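Presented below is the structure to which this report refers.
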2 protein chains.
Amino acid sequence: MGRSITVRDVAAAAHVSPATASRALAGHPSVNPEMARRVLKASRELGYSANVFARALRTQRTDTIGMVVPSISNPYFVAAVEAVEQVLAETDRSLILCDSRDTVATEAARVDLLVGRRVDGLIVVPVSAHDSVPALRAAAAEVAVTQFDRIAEAAGTDFVGGDNDEGVRQCVEHLRERGCRTFAYIGARPTTSTADERLRAFRRFAADGVAPDRGFLLGEFSAEWGREAARTLLDDGPLPDAIVCGADVIAVSLLTTLRAAGVEVPRDVKLVSYDDSSMGQLTVPRLTSVHQPIDSMAREAVRLLDGRREDGSLPARKSIFAPDIVVRESTGV
Amino acid sequence: MGRSITVRDVAAAAHVSPATASRALAGHPSVNPEMARRVLKASRELGYSANVFARALRTQRTDTIGMVVPSISNPYFVAAVEAVEQVLAETDRSLILCDSRDTVATEAARVDLLVGRRVDGLIVVPVSAHDSVPALRAAAAEVAVTQFDRIAEAAGTDFVGGDNDEGVRQCVEHLRERGCRTFAYIGARPTTSTADERLRAFRRFAADGVAPDRGFLLGEFSAEWGREAARTLLDDGPLPDAIVCGADVIAVSLLTTLRAAGVEVPRDVKLVSYDDSSMGQLTVPRLTSVHQPIDSMAREAVRLLDGRREDGSLPARKSIFAPDIVVRESTGV
DNA sequence: CGGGGACGGGGAATCGATTTCTCAGTCGAG
DNA sequence: CTCGACTGAGAAATCGATTCCCCGTCCCCG
């Protein structure tokens, strides 16, 4: 683990000054092509790679952005992370990923950590529409922040998300076309903007078909909750014609548990969900689910960050993307 | 996004030199308690937080370790990551997480990235027992490296893993106790050390009960492969008494697919798996699975890293942990 | 009473890359 | 032929925290 090679070593090997070496390596135009060639050659031969810290210290940039998601066991977030990584790779930047474990305190700690690491920007899927505000506000004072998928409005940052109203509308419409008349909604408590919007949308679009008492089961974005909800549903008498689920993580274990109890899907009950994640395609039957254009959303999130770095005084912007339902076997033929 | 507060600002506010301020903040004993108090107060009031890069540049330490796993959608790796994070938090260090997407090239890129970021150490779950060697060797020349769970021997780094031989032995023994006589193994191709060891162990311990032609199905550590394997199994005539699965990720979708085809588990076939991950407890029936002491393993991994930083010339060490089978419904009563 | 030692604290060097600043040397125009 | 604009490249400052080195002070003891 010997001392590593610095720009001075390269400069010495190429018989130029460190200043020139630096310029040559950066591809600065005002350097003699012959010299540039020598420097590049020396750099290659010595296996030079710039010290990230020295550079960051001087330039105040890290070419790194940070991302904080509530749970890396949720395939939807994993997809988002991968999409962002892809976009960043195009411009030779990289990503530091953190998991907030769906906990406000952990989220705050992770956000602080990343701000301390002077990331150029921060993409956060906030844990709570309300309690995530302080940490995000504080972070936004130091660095560009974009909220992703969910929003804690009062933080006043940029935002990229999906049109949940439209997504749920498509779900209910699709189910109606399949002949369903009574609906139940199984999702997360409205502590996040997505949970809230999806729930409201369901209330509105399925208004005339919600089972009076058992039309809503609200818990968390977790597989455990899906299993629990399924049990409640089974205990509580006749099933509705269809279930709208707030997320694939919930729907997958819900589906598995229902089937284990002898319920046939889609025959006995139809099931639609949200996120169109990879795990929804591994169940039998596969899930009909609302797809969001995650790649475009990731690109937009990065674009917003870059924009804010140029001009920090911009007002908070929101980019909302239209979703699209993907029909599979869980809603039958 | 104004200029941030430096140690000089704190020093000025406390009417001391930057040198003293720095010492005071580090809790160095040779500083007058009264001054230390002033400095700490000033620091608090100004909301000072040290520039990570300046510090790293000077001290050559980052108080950060990097971790590279093949897939963050595998709950077993997620558990490992969380365990490592926990251990690091005890000493105020943090983790940078990367996903190698089960791809040697991506793995090499991520490892390089982390080495470039001058992490104090690197914990890697290598993608391949053979092809991961070059990147790991190169990394190990720059920084302390511990391989975790799987090993690419020739890289010559430290290693922490489980005793796969013993784990599989327990599986087969348990199944024999349950009255099983014929076995099939469904796992990953032996491109990783774990896959290889588990396969060999199965060969040895189940030798007298392996179905002649269809005793081994080898693919990848993925849910897709579990589904595919289940189909193959169903197409190929009578099922064995029991299936030993190389990992929960495979077992979960295998189980789901079998049940969808009307196979009753554990009545028609018993199923044991490896990793004892969270997803294995969400299926119906829940999986009997081999548990590894992930917390202790994480602690040991960090300990090995720290040891190597002290003395880089140590020979490569291996720490092998004994696993323990956890019996649940998938192997019946 | 003077000298040695302990101790606290400040000045300045250091980590490495980048970016002024500065100054030879060149070229074209008058 | 001379002067100013221009070019390219090196010297040095900068980013911010840490730490080595050294100096002044004070105490204690001979």
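Residue numbers start from 1 in every chain, and the chains themselves are labelled A, B, ... in the order their sequence lines are given, proteins ahead of strands. These numbers come from a predicted model, not from an experiment.
- Heavy-atom neighbours of R317(A) CZ from other residues, nucleotides or ligands within 6.0 Å: above the threshold of 12.
- Summarising the geometry, the separation between CZ on R118(B) and C1' on dA17(C) is reported as 12 Å, rounded to the nearest angstrom.
- Spacing between atom CG of D9(B) and atom P of dG16(D) amounts to 9 Å, rounded to whole angstrom units.
- With hydrogens and angles disregarded, a donor-acceptor distance shorter than 3.5 Å links the side chain of D9(A) to the backbone of T6(A).
- Near DNA chain C, meaning a heavy atom under 4.0 Å away, the residues from residues 14-24 of chain A are A19(A), S22(A), R23(A).
- Using modelled atom types, no side-chain atom of S73(A) and backbone atom of P75(B) make a donor-acceptor pair closer than 3.5 Å.
- Phosphate proximity of dT18(D) to R55(B): present, with a side-chain N or O under 4.0 Å from OP1 or OP2.
- Here dG8(C) presents its C1' atom at 8 Å from CE of M35(B), a figure rounded to the nearest Å.
- The nearest pair of heavy atoms linking A24(A) to L40(A) is O-CD1, 4.1 Å.
- Per the geometry, CG belonging to L25(B) stands 15 Å off C1' belonging to dG9(C), to the nearest Å.
- In this structure, CG of L57(B) is placed 9 Å from C1' of dC15(D), rounded to the nearest angstrom.
- With rounding to whole Å, R58(A) atom CZ is found 13 Å from dA17(C) atom P.
- Rounded to 10°, the angle separating the first-five-pair axis and the last-five-pair axis of the helix from dC1(C)-dG30(D) to dG30(C)-dC1(D) equals 60°.
- Checked by atom type, the side-chain pair T62(A)/D120(A) shows a donor-acceptor distance below 3.5 Å.
- The heavy-atom pair separating L136(A) from P126(A) by the smallest distance is CD1-CB, 4.1 Å.
- With dG9(C), dG16(C), dG16(D) as the choices, the nucleotide that has an atom nearest any side-chain atom of V31(B) turns out to be dG9(C).
- Salt-bridge check for D306(A) with R308(A): failed, with every basic side-chain N at 4.0 Å or more from each acidic carboxylate O.
- The pair R93(B)-E85(B) fails the salt-bridge criterion, with no side-chain N (NZ, NE, NH1 or NH2) lying under 4.0 Å from an Asp/Glu carboxylate O.
- Summarising the geometry, the separation between NE2 on H28(B) and C1' on dG8(C) is reported as 11 Å, rounded to the nearest angstrom.
- With salt bridges taken as basic N to acidic carboxylate O contacts below 4.0 Å, one links K318(A) and E153(A).
- Taken from CE in M67(B) to OG1 in T146(B), the straight-line distance is 10.5 Å, to the nearest 0.5 Å.
- Judged by distance alone, the side chain of E300(B) and the main-chain N or O of S319(B) form no donor-acceptor pair under 3.5 Å.
- To the nearest angstrom, P of dC15(C) lies 16 Å from CD1 of I5(A).
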Please tabulate the protein-to-nucleotide N/O contacts below 3.5 Å involving nucleotides 22-28 of chain D, giving atom names and distances.
none

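- In this structure, E107(B) does not pair ionically with R110(B), as no charged nitrogen and carboxylate oxygen lie closer than 4.0 Å.
- Not a single side chain to side chain donor-acceptor pair (under 3.5 Å) links S43(B) to another residue, sequence neighbours left out.
- Residue pairs meeting the ring pair (Phe, Tyr, Trp, His ring centres under 6.0 Å) criterion with at least one partner in residues 46-68 of chain A, sequence neighbours excluded, are F53(A)-F53(B).
- If you check residues 42-53 of chain B against DNA chain C, you find no residue with a heavy atom closer than 4.0 Å.
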